[in-house]
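Notes follow once the structure below has been shown.
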Amino acid sequence: MTQLNRGTRGRALPFRSLTAIAFAFMVVLAACGSGASSPTATPSKPQRGGDLVFAHAIDIKTLDPVQAVETETIYPLDMIFETLTETSTNGQSVVPWLASSWDLSTDQLTWTFHLRAGVQFSDGTPLTSADVKFSIDRNRNFNGGFSFLDSAIKDITTPDPETVVITTKYPWKPLLADLALWANGIYPNNFEGKTAAAFFNDPVGTGPFVLDFWNKGVSTKMTRNPHYWQPGKPYLNSVTWTFVPDDNTRILQLKGGQIQLDSFPPFATLNSLKASSGITVQTFPSNLVSYVLMNEHMAQFKDVHVRRAIAYAIDDAAMNKAALYGYGKTNCSYMAPTLSYYDPQTPCLTYNLSMAKQELAMSAYPNGFSTSMLIGSTDVYQEAVGTIVQQELKAININVTLDKVDPGQLYSTLAEEKYGLAYEAWASDIPDPDEQASFMLDPVGGGADSYSTGFNDSQVVQWVHQTEKAFVESQRASLYTQIQVQVAQDAPWAVLQFVPYQYAFSNNVHGFFAYPTGNYHLQDVWLSQ
Amino acid sequence: MDRLSYVGKRLLHLIPILLGISILVFLLIHLIPGDPARVLLGPHAPAKVVAAQDKAWGLDLPLPVQFVNFLGGLLHGNLGTSLTYQEPAVTLMASRLAATLWLLISASILTVVITLPLAVAAAMRPNSWIDHAIRLIPLVGLGMPAFWVGIILLLVLAESTGWFPVGGFGTDFLSHLHAIVLPALTVALGIAPITVRSLRAAMLEVLQADFVTTARAKGLAERRVILAHVLRNAIIPAITVFGLNIGWLVGNTLVVEKVFALPGIGALMLDSILSSDFPVVQAIALVFAVLVVVVSTSTDILRSLVDPRVKLG
Amino acid sequence: MLEIRSLSVHIRSRRGVVHAVDDVSLTLLEGEALGIAGESGSGKTTLLRAVLGLLPRSAHVVHGEIIFEGVDLLAVSAKQAREVRGKRIGMVFQDPMTALNPVMPVGDQVSEGPRYRLGQSADESRRTAMKLLTEIGIPDPARRYRAYAHQLSGGMRQRIDIAIALSCRPHLLLCDEPTTALDVTIQDQILRLLKRLSAESGLGMLYVTHDLAVIAQTCPTVAVMYAGQVVERGPVAEVFSRPRHPYTRGLLASVPDVHRIGSALEPIQGTPPDLHSPPSGCRFHPRCPLAQVDCLDGDFPLLSTADDRATACIHSERMATTPLLSTGL
Ligand SMILES: Nc1ncnc2c1ncn2[C@@H]1O[C@H](COP(=O)(O)OP(=O)(O)OP(=O)(O)O)[C@@H](O)[C@H]1O
Ligand SMILES: [Mg+2]
């Protein structure tokens with residue numbers, strides 16, 4: 001439940017009409033100069049050196065992993081602090097990272113982690129188990145943030161400098177995935193005697209880069225960590241994240257060579273960007289899925305037939321074309337296809353007007369009703385989604401008024417469950433479907449009243465709890481299949497699209513890859529001359 | 001009243017204005033819905049997590065208590081700590097002030113540089129083609145939103161030619177200067193149509209004045225007549241018009257800051273409003289109030305410098 | 001030194017063409033002062049401005065010559081015409097309230113001519129201006145130098161105006177009703193000043209006013225204008241005591257005179273003509289008590305007589321016998 005900033009603060013989904021017009025204009029003006037892009041023959045061997053400039057639409061807010069909640073803040077600080085485990089490339093499992101291996105006791109309560117040999121912090125001091133204990137204890141004792149993901153942990157001990165033992169209160173399968181969370185990043189024990197504030201102004205981590213300066217609201221520069229444990233890495237001399245809020249300006253900076261990487265160019269601009277010479281556009285599968293939530297604290301949406309009717313009435317394929325320029329994918333399951341145990345066979349309540357009418361006829365509201373839909377006021381994309389939903393629901397006599405509010409009010413209204421319909425999007429932060437399942441489906445255990453919808457299917461909740469204790473893969477997989485099927489039937493929300501992460505970069509940037517969880521490993525990135 | 005004591009008086013007036021504005025802003029931001037902890041943590045964060053964050057920020061106290069605390073801080077010049085950045089709001093804001101001031105000042109200078117020759121050329125040959133052209137061209141500019149003009153300038157003068165950086169603020173005086181040209185030009189192009197028109201109209205009126213005939217009767221060169229006599233009189237209403245448009249100028253500045261990625265007040269303000277970062281919103285509101293008073297005082301002073309008939313008071 | 005030959009000036013207005021100055025001829029000898037009298041709208045200011053070459057944009061000279069010191073000012077280039085202004089011809093304007101730049105210290109306005117026209121340094125020109133201010137009787141000139149127009153009285157402003165007109169030592173001074181806006185005492189001071197200046201420096205002067213008494217006090221010679229034309233000319237004493245044009249007589253009769261307390265004023269009947277379409281023939285005929293059929297058409301040039309006088313009236317011999325108020329037609 002990272003703040004993805006999609007549609008609320010800055011990282012909006014793509015449909016900003018003015019941006020699109022401005023961009024179209026730029027393309028026309030630039031048309032004379034640019035031919036079709038001919039991908040430069042990729043030199044096979046990574047080159048060392050170079051300075052990468054990476055533009056974000058949102059400023060970095062903190063370098064303290066425990067406090068970080070926005071993606072634009074998390075990804076850069078990920079380059080300073082590393083975790084015991086790390087998300088695998090496909091986002092479905094973890095790989096050893098600061099821990100090179102681990103064992104699980106037979107009662108499935110005690111995890112013993114063996115720290116990677118020879119890892120040093122950027123100031124040259126070796127990584128020890130005390131650092132790990134201090135860091136993870138700090139996160140799980142933190143009041144707020146993402147400490148809830150550590151709530152299964154009972155105790156952490158350090159039998160020797162190379163070994164960390166984590167005991168859980170109950171068997172807890174998602175632990176390895178939870179430990180890959182940035183908030184469980186490792187820093188030196190006791191902040192090397194400094195206060196937290198002083199430490200995070202001049203932080204020390206095991207990651208590939210070291211903070212050079214953080215000029216708030218302008219740019220953040222990191223240089224190569226000479227003590228990094230991966231031999232030969234990072235390739236880059238430095239990375240600078242600049243804060244460039246305007247979409248068009250970032251694109252122009254990329255074209256002008258002032259930056260090499262543009263995060264999240266609007267989807268509307270991707271096709272023309274692809275045609276520009278010297279620029280590569282790449283989309284990466286993400287954990288992000290968008291929904292229309294239905295508030296079951298309202299009588300109409302308590303009725304499963306109403307919810308199913310709405311899910312049938314929304315043409316998500318057409319919406320994908322209109323609002324996402326076809327870059328999204330329609331999805332049946334509430335889960336993103338990138339997550340493990342995603343079941344492509346999940347039955348779909350895909351667009352079908354006669355089924356929608358049939359469902360509504362079976363409900364307590366056969367003649368329709370009036371309701372409102374909550375959308376953010378700062379994002380044209382949400383407005384487009386709202387308008388499409390409004391029109392499509394007219395076909396089954398449900399009158400929707402759009403309720404556009406500022407982010408602050410939007411969040412409170414959602415949290416207080418004072419809405420009828422609402423647009424929302426969500427991405428899992430860990431390489432395990434558990435975070436999403438408990439958040440969206442377990443009204444009490446997840447702590448969020450099932451994604452603020454009040455959805456409560458005791459059978460589903462029970463299955464979710466079973467997955468957390470299921471250590472046999474096949475058993476977990478079949479539980480998740482059952483969950484996905486049942487949630488599709490219950491339709492607590494209409495699933496809209498599965499949305500990728502989009503990046504544009506100069507052709508001389510190599511090895512850039514965004515994980516489904518959104519983070520990236522800049523130690524693997526290199527620049528060709 | 002002499003100018004110094006006038007400035008003193010205006011600054012004294014500033015104190016109650018600032019106090020009033022802080023109280024107003026305090027009430028406004030606390031009365032509109034939107035909890036900063038909720039904004040920071042997202043809509044679905046568990047209520048107890050949000051409550052804990054609120055408590056950490058002192059937002060769990062009753063509003064009157066918060067208000068008294070706020071006033072107490074205010075009297076000590078302390079506007080509080082930014083919730084999102086965990087840094088004193090004043091420090092945060094001050095660090096962003098430089099770029100905004102650079103932009104405002106250079107935009108004002110450029111406006112003058114653009115306005116003077118165009119208005120003079122137009123007024124010296126009223127209703128000639130040159131006059132019509134000068135009056136028409138900026139009209140087109142006025143119809144275009146600032147961010148458009150900014151993008152076009154970036155595209156033509158930065159991205160394709162490399163003459164100017166594509167946004168950014170630079171690190172030292174020279175690079176600031178280099179970086180500020182296009183954004184300042186964008187702001188100036190937005191306001192120039194208004195100033196050109198008002199200065200042209202004022203000049204045409206002054207050209208009819210008897211004292212211009214007196215000046216011409218001395219046999220002075222036309223240049224001297226225009227500069228020393230016509231312009232100095234016509235500039236007075238133009239200064240007033242410029243002063244009246246300062247709010248608009250500041251508004252445009254915010255848009256332009258975004259387009260040119262200038263680390264000014266604008267981005268900080270949008271961000272802190274959206275994230276309900278109260279102390280920062282407070283600090284910025286106060287700075288804007290000071291800015292408006294400073295500008296209007298300077299306009300008054302400027303008018304009194306140009307026009308001896310103006311009485312300050 | 002100045003000879004105006006059949007000068008006509010037209011002014012374009014919204015309603016058509018104004019025949020503001022119509023076939024005017026005048027001669028001014030070296031160092032002479034010539035008064036030009038006439039009602040409001042008779043074209044006096046336009047005439048002076050034509051001499052100075054500063055007609056409004058909408059006005060243009062239709063024909064005529066203005067020979068000044070041997071050169072036709074209408075035939076020279078704009079640059080040469082500008083050379084003449086200020087340095088050789090100075091002008092004092094009608095309204096001292098508006099003739100000064102409100103935002104420039106008056107002293108600077110006086111020194112501007114010497115500085116930019118005579119090539120004096122800033123200091124020199126300042127000294128020249130100070131001397132002028134003293135000369136024209138400004139008390140405490142050092143302080144007044146820095147003053148702005150709105151801080152000075154009307155008489156003081158008019159003195160400054162005169163100082164400006166004199167600042168480049170012209171040979172000819174054009175005065176456009178310089179005292180109309182002033183009270184009588186101040187008016188008297190200004191007139192004495194002008195008289196003294198012209199006497200001291202041999203300054204030629206064209207003095208325009210509708211106030212006959214002022215002319216009587218200032219100029220030996222007078223020309224009377226009506227509807228853009230000069231209708232009578234001659235030595236002041238003779239013209240005023242024995243006018244030869246009914247208009248002159250009318251003007252004189254409409255002036256209050258302390259020596260004739262009790263006798264009613266006799267204003268001229270009717271209103272001045274609209275110069276967009278002036279009456280044919282003698283322009284005064286619609287208002288003239290002597291008018292005859294032969295006044296209705298033709299030209300009425302100023303005809304000189306041997307006694308150095310001239311009149312445009314063809315019935316001047318009947319002046320003595322006809323009452324003022326009855327009209328002939
Ligand atoms: N700019 C102008 N446009 C149109 N008509 C004008 C203009 N200036 C003067 N006139 C007309 O030309 C005629 C002569 O005007 P002028 O100012 O020369 O008269 P005057 O004798 O100086 O009058 P006054 O005693 O009022 O100053 C008048 O009928 C006047 O209305
Ligand atoms: Mg006049």
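Throughout, a chain's letter reflects where its sequence line sits, starting with A, and its residues are numbered from 1.
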With side-chain contact (heavy atoms from CB on, under 4.5 Å) as the test, would you mind laying out the steps for A:L252 and B:L155 before giving the verdict?
CA-CA 7 Å; A:L252 285 175; B:L155 191 62; 3.2 Å; yes
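Of the atoms belonging to B:Q86, not a single heavy atom falls under 4.5 Å from chain A. When heavy atoms are compared at a cutoff of 4.5 Å, A:I259 does not approach chain B at all. Heavy atoms of A:L63 lying under 4.5 Å from chain B are absent altogether. Heavy atoms closer than 4.5 Å to chain B are found in both the backbone and the side chain of A:S452.
From B:L268, atom CG reaches atom CZ of A:F243 across 8.5 Å, with rounding to the nearest 0.5 Å. Expressed to the nearest 0.5 Å, how far OG1 of B:T84 lies from CD of A:Q67 amounts to 11.0 Å. With rounding to the nearest 0.5 angstrom, the CD atom of A:E416 is 8.0 Å from the CZ atom of B:R38. Rounded to the nearest 0.5 Å, atoms CG (A:L254) and CD (B:E159) are 9.5 Å apart. Atom-to-atom distance recorded for A:D246:CG and B:L262:CG is 11.5 Å, nearest 0.5 angstrom.
Highest contact tally toward chain A, considering only B:E87, B:K55, B:E257, is held by B:E87 [criterion: heavy-atom pairs under 4.5 Å].
B:Y85 and A:K61 make their closest contact through OH-CE, 3.5 Å (heavy atoms, listed as atom of the first residue, atom of the second, distance). The shortest heavy-atom contact between B:P263 and A:G217 is CB-O, 3.6 Å.
For the pair A:Q253 (side chain) and B:P165 (backbone), a donor-acceptor distance under 3.5 Å is absent.
You'll find the side chain of B:L154 reaches within 4.5 Å of the side chain of A:T249, heavy atoms only.
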